[in-house]
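Data block below; observations after.
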Amino acid sequence: MTDHLPTRVFSALAGALLLLLVLLGGIPLILPTLLFVHWLGTRELAEMLARRGIALNTPLLLAGGVLVFLFSLPQLYWHFPQVPWREVALGLFLLASFSYELLFGANLLRFAFGLMAFLYLPWSLGYVLLLRETPDAAMGLWTLTLPLVASFATDIGAYFIGRAFGRRKLAPEISPGKTVEGSLGGIAVSFLALVVYTGLVREVFPFGLLELWLFSLLLSLGAQLGDLAESMLKRFAGVKDSGSFLPGHGGLLDRIDSLLFAFPLTYFLVVLFT
């Protein structure tokens, strides 16, 4: 965690507000937003890995992202529910990546990091499209707010509890500032935030207290894992920030890292409980 809490809170709130406006607009706004996020996130990943001499196949990765977004559109699942569309997109990307390496250099490091980037960015982000209409358009809007609330609350809780009571390092080799106490505090604050939030709009969430506890636990853990995963990538690349999308506050990946794991988890849980 950084010491610039006001800036961190303001940027998080501004980003959450912008994201909520996009979500309100539905698929017509979400799809182009995801395409932009994928393009910029891929560029940041490519620049970080280039510092270690690893070249991503950026055109293929961008094309794969477009494909997985299109294959994540809920309309495909409505009309052809028997087809595992996202798995088809993954299979096509794997075939294309293997074919490229067979023809142009057999660079297995490029292939491996390309697959990692595909799963890390467009594959995870594609769940936003499915969530927006799961189980329907009305409830989908509300369920998409759950990872936003959980991630924001986890960040704030981990910061305050970690500063006040943090003693044991959580992942000293990856992010020395994070502590076990802060992690547990993030989980606790996430739970309280979700209890209050869902209590205020109880009629749109068909979840009991047990399901809510499971939501808060897994989403908080997912948000923290996403944060640590991006920290690991930055440590590997030897950079402090993923980019300069927000001057003085880091790159785009620095702002969405916790959501990249929280979105898929939310989708799995919503499908399971509804």
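This structure is a prediction, so every number in the text was calculated from the model and none was measured.
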Check: residues 66-75 side-chain donor-acceptor pairs under 3.5 Å, at least two apart:
residue	atom	partner	partner atom	Å
S72	OG	V68	O	2.6
S72	OG	R86	NH1	2.8

Taking only distance into account, with no hydrogens and no angle test, what donor-acceptor pairs under 3.5 Å do side-chain atoms of residues 47-55 form with protein atoms, sequence neighbours excluded?
residue	atom	partner	partner atom	Å
R51	NE	A237	O	3.4
R52	NH1	F236	O	2.5

Counting only pairs under 3.5 Å, give me each side-chain donor-acceptor contact of residues 138-145, with atom names and distances, residues two or more places apart or in other chains.
residue	atom	partner	partner atom	Å
T143	OG1	M139	O	3.3
T143	OG1	G140	O	3.0
T145	OG1	W142	O	2.4
T145	OG1	Y197	OH	2.6

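Connection of L218 to L228 is not established within any shared hydrophobic cluster, with ILVMFWY side chains joined at heavy-atom distances below 4.5 Å, either directly or through further cluster members. There is a path of hydrophobic side-chain contacts, each under 4.5 Å, that joins L119 to Y267. Cluster annotation: V128 is connected to W123 through the hydrophobic network of ILVMFWY side chains, with a link wherever side-chain heavy atoms come within less than 4.5 Å. A continuous path of ILVMFWY side-chain contacts below 4.5 Å connects L19 to V270, so both sit in one hydrophobic cluster. Both V271 and F80 are part of a single hydrophobic cluster, where members link through side-chain heavy atoms under 4.5 Å apart.
Side-chain heavy-atom separations under 4.5 angstrom define the hydrophobic clusters, and L102 shares its cluster with no other residue.
A distance of 10.0 Å separates CG in L35 from CG in L125, rounded to the nearest 0.5 Å. In this structure, CG in N57 is found 7.0 Å from OG in S97, a value given to the nearest 0.5 Å. Atom CG in L219 sits 10.5 Å away from atom OG in S258 (nearest 0.5 Å). A distance of 9.5 Å separates CH2 in W39 from CD in E44, rounded to the nearest 0.5 Å.
Counting heavy atoms of neighbouring residues, nucleotides and ligands inside a 6.0 Å radius, atom CZ of F165 does not exceed 12 of them. Residue-environment remark: CD (E87) exceeds the threshold of 12 foreign heavy atoms within 6.0 Å.
With sequence neighbours left out, R167 forms a side-chain contact (heavy atoms from CB on, under 4.5 Å) with E181. By the side-chain contact (heavy atoms from CB on, under 4.5 Å) test, M116 pairs with F113, Y120, L233, sequence neighbours left out.
With contacts defined as side-chain heavy-atom distances shorter than 4.5 Å, the pair D254/K234 qualifies.
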